[in-house]
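This report refers to the structure that appears directly beneath it.
These values consider heavy atoms only, across backbone and side chains, with no hydrogens, waters or symmetry-generated copies. Position 1 is the first residue of the sequence; numbering continues from there.
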Amino acid sequence: QVQLVESGGGLVQAGGSLRLSCAASGRTFSSYAMGWFRQAPGKEREFVAAVMWSDIDTIYADSVKGRFTISRDNAKNTVYLQMNSLKPEDTAVYYCAAGGLKSMSPSAYMYWGQGTQVTVSS
């Protein structure tokens, strides 16, 4: 069992930056692929980024490539999402998730956090 707790969301102006954190419980954190997803009101949950066991192995949605960076610190059981050049369309609840393989599909992830709100004003 893995419990995930996100933090770092908030209100930011367009062009600004935020850093989301996701703290995980459990001693097997390093064995999980970690992903970030987001869901805007009235829309389906969409993939943002994922990282395998190390920061070298990452994938990103085209919409955030070059602006967002996912990283993990296995010693701290934490995964991060650095978000730069934020746009109003990035406004959503952001969720972190843990799974067996790095994937863009929500169904590949077994454990989910409660989410943190990110609001980007124009």
Side-chain angles (χ1 to χ4, degrees):
Q1 187 77 12
V2 176
Q3 292 185 325
L4 304 171
V5 179
E6 302 97 334
S7 61
L11 174 65
V12 64
Q13 288 188 333
S17 298
L18 281 175
R19 188 196 197 199
L20 305 183
S21 300
C22 174
S25 65
R27 289 177 286 181
T28 58
F29 172 78
S30 61
S31 67
Y32 287 99
M34 298 298 297
W36 285 97
F37 290 78
R38 66 187 182 186
Q39 189 166 18
K43 295 187 177 181
E44 292 186 354
R45 190 167 297 190
E46 67 170 352
F47 170 78
V48 176
V51 59
M52 202 55 187
W53 301 296
S54 76
D55 293 351
I56 297 174
D57 192 358
T58 59
I59 53 173
Y60 294 91
D62 288 343
S63 59
V64 307
K65 203 172 292 184
R67 300 188 298 123
F68 291 10
T69 302
I70 188 171
S71 62
R72 67 189 297 164
D73 186 336
N74 290 331
K76 295 183 178 179
N77 280 14
T78 301
V79 63
Y80 304 97
L81 186 68
Q82 177 66 45
M83 306 185 294
N84 299 327
S85 302
L86 282 161
K87 305 175 181 180
E89 52 263 43
D90 294 319
T91 295
V93 177
Y94 283 71
Y95 299 89
C96 73
L101 291 173
K102 179 185 65 173
S103 172
M104 294 185 177
S105 172
S107 62
Y109 297 85
M110 297 89 76
Y111 304 105
W112 291 83
Q114 82 290 346
T116 185
Q117 176 70 47
V118 171
T119 303
V120 184
S121 63
S122 57

Item to complete: Nearest 0.5 Å please: distance from the CG atom of L86 over to the OG1 atom of T119.
Response: 10.5 Å

Worksheet, complete the sentence: The complete set of salt bridge (Lys or Arg N to Asp or Glu O under 4.0 Å) pairs with one or both residues in residues 75-96, sequence neighbours excluded, reads R38-D90, R67-D90

Discussion item. Test of understanding: with side-chain contact (heavy atoms from CB on, under 4.5 Å), list the residues that count as partners of A61, not counting sequence neighbours.
Written reply: F47, S63, V64

Worksheet entry | Pair listing, salt bridge (Lys or Arg N to Asp or Glu O under 4.0 Å) test, anchored in residues 108-122, at least two apart | none

Worksheet item: How would you list, by chain and number, every residue that makes a salt bridge (charged side-chain N to carboxylate O under 4.0 Å, His left out) with K43, sequence neighbours excluded?
Response: none

Worksheet item: Looking only at side chains, do D73 and T78 share a donor and an acceptor under 3.5 Å apart?
Response: no

Practice prompt. List the steps, then state whether side-chain contact (heavy atoms from CB on, under 4.5 Å) holds for S17 with Q82.
Written response: CA-CA 8 Å; S17 298; Q82 177 66 45; 4.0 Å; yes

Item to complete: Heavy atoms only: give me the nearest A14-P88 pair and the separation to one decimal.
Response: CB-CD, 4.1 Å

Worksheet, complete the sentence: residues 107-122 vs salt bridge (Lys or Arg N to Asp or Glu O under 4.0 Å), sequence neighbours excluded, gives none

Worksheet entry | Residue list, side-chain hydrogen bond (donor to acceptor under 3.5 Å, both in side chains) with S122, at least two apart or on another chain | none

Practice prompt. Sequence neighbours left out, what passes side-chain hydrogen bond (donor to acceptor under 3.5 Å, both in side chains) with D57? Give chain and number order.
Written response: K102

Worksheet item: After noting the C-alpha distance and the side-chain angles of V79 and I70, does the key distance pass the side-chain contact (heavy atoms from CB on, under 4.5 Å) rule?
Response: CA-CA 7 Å; V79 63; I70 188 171; 3.9 Å; yes

Practice prompt. Just jot down the side-chain hydrogen bond (donor to acceptor under 3.5 Å, both in side chains) partners of S31, sequence neighbours excluded, or say none.
Written response: none

Worksheet item: Sequence neighbours excluded, which residues qualify as ring pair (Phe, Tyr, Trp, His ring centres under 6.0 Å) partners of Y109?
Response: F37

Worksheet item: Can M110 be reached from V2 by stepping across I, L, V, M, F, W or Y side chains whose heavy atoms are under 4.5 Å apart?
Response: yes

Discussion item. Once side-chain hydrogen bond (donor to acceptor under 3.5 Å, both in side chains) is applied, do any residues pair with S25, and if so which ones, sequence neighbours excluded?
Written reply: none

Worksheet item: So which heavy atom on A33 is nearest to which on L101, and how close?
Response: CB-C, 3.4 Å

Practice prompt. Using a 4.5 Å cut-off on heavy atoms from C-beta on, say whether the side chain of E6 contacts that of Q114.
Written response: yes

Worksheet item: What about Y111 and V5, same hydrophobic cluster or not, with Ile/Leu/Val/Met/Phe/Trp/Tyr joined at side-chain heavy-atom distances under 4.5 Å?
Response: no

Worksheet item: Judged by atom type as modelled, is there a donor-acceptor pair below 3.5 Å linking the side chain of R72 to the main-chain atoms of M52?
Response: yes

Worksheet item: Can you pull the ring-ring contact (aromatic ring centres under 6.0 Å, His included) pairs that have at least one residue in residues 60-96, sequence neighbours excluded?
Response: none

Worksheet item: Please, which pairs that meet disulfide (SG to SG under 2.5 Å) have at least one residue in residues 61-122, sequence neighbours excluded?
Response: C22-C96

Discussion item. Grouping I, L, V, M, F, W and Y whenever their side-chain heavy atoms are under 4.5 Å apart, do F29 and L20 come out in a common cluster?
Written reply: yes

Worksheet item: Under 4.5 Å between any side-chain heavy atoms of L81 and V48, yes or no?
Response: yes

Discussion item. Assess the residue pair V118 and M83 against the criterion (side-chain contact (heavy atoms from CB on, under 4.5 Å)); give the C-alpha distance rounded to whole Å, side-chain angles, the decisive distance to 0.1 Å, and a yes or no.
Written reply: CA-CA 10 Å; V118 171; M83 306 185 294; 3.9 Å; yes

Item to complete: Check whether the side chains of S105 and S107 place a donor and an acceptor atom closer than 3.5 Å, and report yes or no.
Response: yes

Worksheet entry | Pairwise distance OG1(T58) to CE(M34) - rounded to 0.5 angstrom | 14.5 Å

Fill in: Point-to-point distance, once rounded to the nearest 0.5 Å, from CD of Q3 to CG of N77
12.5 Å

Worksheet entry | Derivation and outcome, side-chain contact (heavy atoms from CB on, under 4.5 Å), residues W53 and Y32 | CA-CA 7 Å; W53 301 296; Y32 287 99; over 6 Å; no

